[in-house]
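Written below as structure tokens is the structure these notes are about.
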Amino acid sequence: MLLLALGVLASPLLLLPLAFVLAAVYRRVLAALRLDTYAHLPQPRHADAWLRSLVFGDLGAVQRAPPAEQHLAWGRELGDVFVYRSMFYTPRLWLGDAGALNHILGAAHSYEYPKPGDVRRFLKNLLGEGVLVAEGDVHRRQRRIIQPAFNLSSIRDLTPVFFKHANRTSAILARLTAETSEAKDAPFVPGQSALSAQKCGKGSLVLDVSAWLSKTTLDIIGEAGFGFDFKAIDEFEGIAKGDDVAAAFNTMMSATVDIGLVQILQFYLQTLPGMAWVRDLPTQRQRLMRATYAVLERSSQRIIAEKREAIAAELREAAGESEKQASGKTFTKGAFEDARSSSGRDLLHLMLRSNMASDIKDSERLSDAELLGQLTTLILAGHETTQTQLSWCLWVLSSRPAMQQRLRDELVEHFAGRDELDFDALNNLEYLDFVTKEIMRYISPVVATRRTLVKDDVVPLSKPYPRSDGKGSFSYVELKKGQDVFIPIQYMNRSKELWGPTADEFDPERWRNVPEQAKAAGFPLHLLTFIEGPRGCVGNRFAITEFKALLASLLLKLRFEHIEGWEVEQKQGVVVRGRIKGQEELGMQMPLRLTCV
Ligand code: HEM
């Protein structure tokens with residue numbers, strides 16, 4: 001009996017959790033005795049019972065609150081620099097100080113602060129081996145290849161593509177709105193629930209705008225990104241069969257909403273030595289993610305093969321060579337420049353151009369797997385973020401009819417009957433620019449990100465903070481290798497110190513005179529929405545131009561309003577999305593009332 005008990009005790013399956021709990025107890029005792037490295041930093045009071053906080057730290061409090069709300073509450077109570085606890089009471093350093101963030105994200109130190117293992121594992125599961133997951137030299141090399149595709153002249157060239165899809169969607173929505181004659185018991189247009197159908201009236205259509213915007217931004221990244229037609233809107237409208245990628249994508253997004261503490265624990269465990277098997281546990285979510293990623297991968301492979309063949313054929317034709325003569329040959333950037341007609345100027349064309357050109361070293365080229373990773377990354381990073389940002393913008397403008405009309409007036413004046421503007425004219429619209437930046441400040445689709453440290457470092461702060469033991473102040477933090485750092489994007493964008501007492505209000509006019517403190521923070525566009533430095537969002541210019549084209553096109557044709565009594569709540573997935581309280585079973589949605597202008 002005793003032997004059996006010892007055998008059970010020695011089982012690694014039991015010893016491991018025991019070791020984690022013992023390590024957590026050790027950390028907790030050190031913290032209680034004020035003996036740990038961060039004793040001088042403020043810490044939140046635990047919202048959970050002793051044992052639960054030992055396993056999940058303060059993550060339970062973050063999980064329970066709407067996205068970023070707990071972050072805002074902690075930052076305002078404890079200050080810009082403090083420590084909270086993650087899995088097994090591991091300290092996580094919260095840095096809401098602009099000086100510290102510039103140090104960590106800026107060019108000089110960014111590669112010393114990679115993404116933590118659990119974050120990379122999660123992203124890799126979702127997106128494969130793209131630039132979002134790569135680190136160090138691999139990232140540097142990948143970014144060098146893809147960056148030129150996102151430069152100013154490329155985005156200038158892509159502006160008509162943004163308008164083409166934006167105008168198509170707004171025209172369909174305007175037609176459906178005009179045709180609506182009464183409320184019905186069952187849905188009668190795509191993207192509508194029965195509850196939404198019951199709220200319609202003559203010339204007044206209620207539907208989930210986020211569903212339409214998701215299809216539209218997917219079609220945009222398809223064409224602007226890869227010269228490929230996903231036919232997402234066609235399929236939604238029921239006029240053609242779309243690419244499987246749209247359906248796969250929706251499944252993937254639903255699987256990432258409501259990730260609970262158990263999943264966070266699973267991601268944490270699989271990054272520890274000898275624990276990779278946790279990754280392969282056949283959970284339902286895991287199976288779903290694998291299957292949907294496989295669809296994404298298949299579509300991406302097809303897109304790359306078609307694009308390669310199109311470019312090669314064009315170059316052969318230009319050189320007057322047969323397929324046989326040209327096989328295995330690489331081309332200079334100049335040759336690609338000349339061959340821009342039919343294969344277009346999409347991001348993939350530009351990436352292949354910098355990758356296939358003979359004037360870059362072989363060691364710097366993207367492998368096929370890496371190229372594939374960029375596609376899956378761009379499909380996700382390039383569509384759901386902008387869709388969400390725009391849905392929140394329409395939601396915010398729906399409760400501010402005067403602001404919405406002021407923006408429409410500006411658009412009517414400058415579009416002057418046309419249905420598109422070029423890149424420069426679009427970016428010269430002042431109020432559109434103010435509204436765009438303000439929504440990106442007010443609701444940041446990516447609320448936070450994390451980094452870890454590969455070697456000890458001393459992080460300078462932009463001002464001294466009082467020590468929690470009352471013994472003076474500290475103006476830097478010493479970090480040890482392996483330390484997790486939390487970067488509170490939404491908190492920084494709502495900082496009262498940077499933006500003044502009205503930081504929590506949506507006020508586009510604030511952009512007329514950006515406060516000196518916000519300028520001094522040194523973030524691009526004075527925002528942390530796209531973070532900054534070598535790991536900053538490569539698609540920020542793409543996103544802003546696409547966002548403006550979509551918003552302009554929609555507001556020129558349609559008026560948006562809230563539905564009385566329906567309360568939207570924010571839910572955290574890969575990005576922050578909305579759902580209606582009391583309609584949780586319908587999943588993520590942003591139903592609004594549309595009427596024609
Ligand atoms: C409103 C829209 C968008 C927001 C708020 C946004 C935000 C971000 C943020 C915060 C990151 C950094 C993530 C981290 O390191 O933890 C990022 C990275 C990235 N974004 Fe965006 N993004 C947007 C749109 C886009 C678009 C349209 C594209 C492409 C077409 C794109 C492509 C990327 C890529 C490739 C990265 C990885 C960059 C790297 O690690 O080098 N994003 N984005």
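Remember, it's 1-based here, ligands and their atoms both numbered in the order they're listed.
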Enumerate the atoms of ligand 1 whose separation from the nearest heavy atom of [X] is less than 4.0 angstrom.
X: Phe150; answer: 29 (C), 30 (C)
X: Ala543; answer: 2 (C), 24 (C), 27 (C)
X: Val538; answer: 34 (C), 35 (C)

Just to confirm my output: which protein heavy-atom neighbour is closest to [atom], and how far is it?
atom: atom 10 (C) of ligand 1; result: Thr529 O, 3.4 Å
atom: atom 23 (C) of ligand 1; result: Thr385 OG1, 3.5 Å
atom: atom 17 (C) of ligand 1; result: Cys537 CB, 3.5 Å
atom: atom 6 (C) of ligand 1; result: Phe530 CD2, 3.7 Å
atom: atom 37 (C) of ligand 1; result: Leu132 CD1, 3.2 Å
atom: atom 25 (C) of ligand 1; result: Ala381 O, 3.3 Å

Test item, [X] contacting ligand 1 (heavy atom, 4.0 angstrom):
X: His139; result: yes
X: Lys115; result: yes
X: Gly536; result: yes
X: Ile221; result: yes

Tell me whether the rings of Tyr442 and Phe506 are parallel (<30°), tilted (30 to 60°) or perpendicular (>60°).
perpendicular
Give the ring-plane orientation class for Trp74 versus Phe82, where under 30° counts as parallel, over 60° as perpendicular and anything between as tilted.
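Taking Phe82 first and then Trp74, their aromatic rings stand perpendicular (interplane angle over 60°).
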Heavy atom under 4.0 Å from ligand 1: found in Arg143's side chain, backbone, both, or neither?
side chain
Using a heavy-atom cut-off of under 4.0 Å, does the side chain or the backbone of Arg451 touch ligand 1, or both, or neither?
side chain
Would you call [X] and [Y] a salt bridge, taking side-chain N to carboxylate O under 4.0 Å as the test?
X: Glu112; Y: Arg451; result: no
X: Arg510; Y: Glu505; result: no
X: Asp433; Y: Lys548; result: yes

Would you say the side chains of Gln490 and His71 form a donor-acceptor pair under 3.5 Å?
no
Heavy-atom nearest pair, Pro445 first then Thr529, reads CD-CG2, 4.3 Å
Minimum heavy-atom separation for Phe163 to Leu421, with atom names?
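Phe163 and Leu421 have their closest heavy atoms at CE1-O, 3.2 Å.
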Any N or O of Thr449 closer than 3.5 Å to N or O of ligand 1
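N/O-N/O distance under 3.5 Å: yes.
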Mark yes or no for whether Thr386, through its side chain, and Ala543, through its backbone, hold a donor-acceptor pair below 3.5 Å.
no
Does Phe530 form a ring pair (Phe, Tyr, Trp, His ring centres under 6.0 Å) with Phe523? I'd like the steps, not just the answer.
CA-CA 9 Å; Phe530 298 101; Phe523 303 141; over 10 Å; no
Evaluating non-hydrogen atoms only, which member of Ala134, Gly382, Gly533, Gly225 is closest to atom 29 (C) of ligand 1?
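Residue with the shortest heavy-atom distance to the ligand atom: Gly382.
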Asp346 versus Phe228: any side-chain heavy-atom pair under 4.5 Å?
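Of all side-chain heavy-atom pairs linking Phe228 with Asp346, none is under 4.5 Å.
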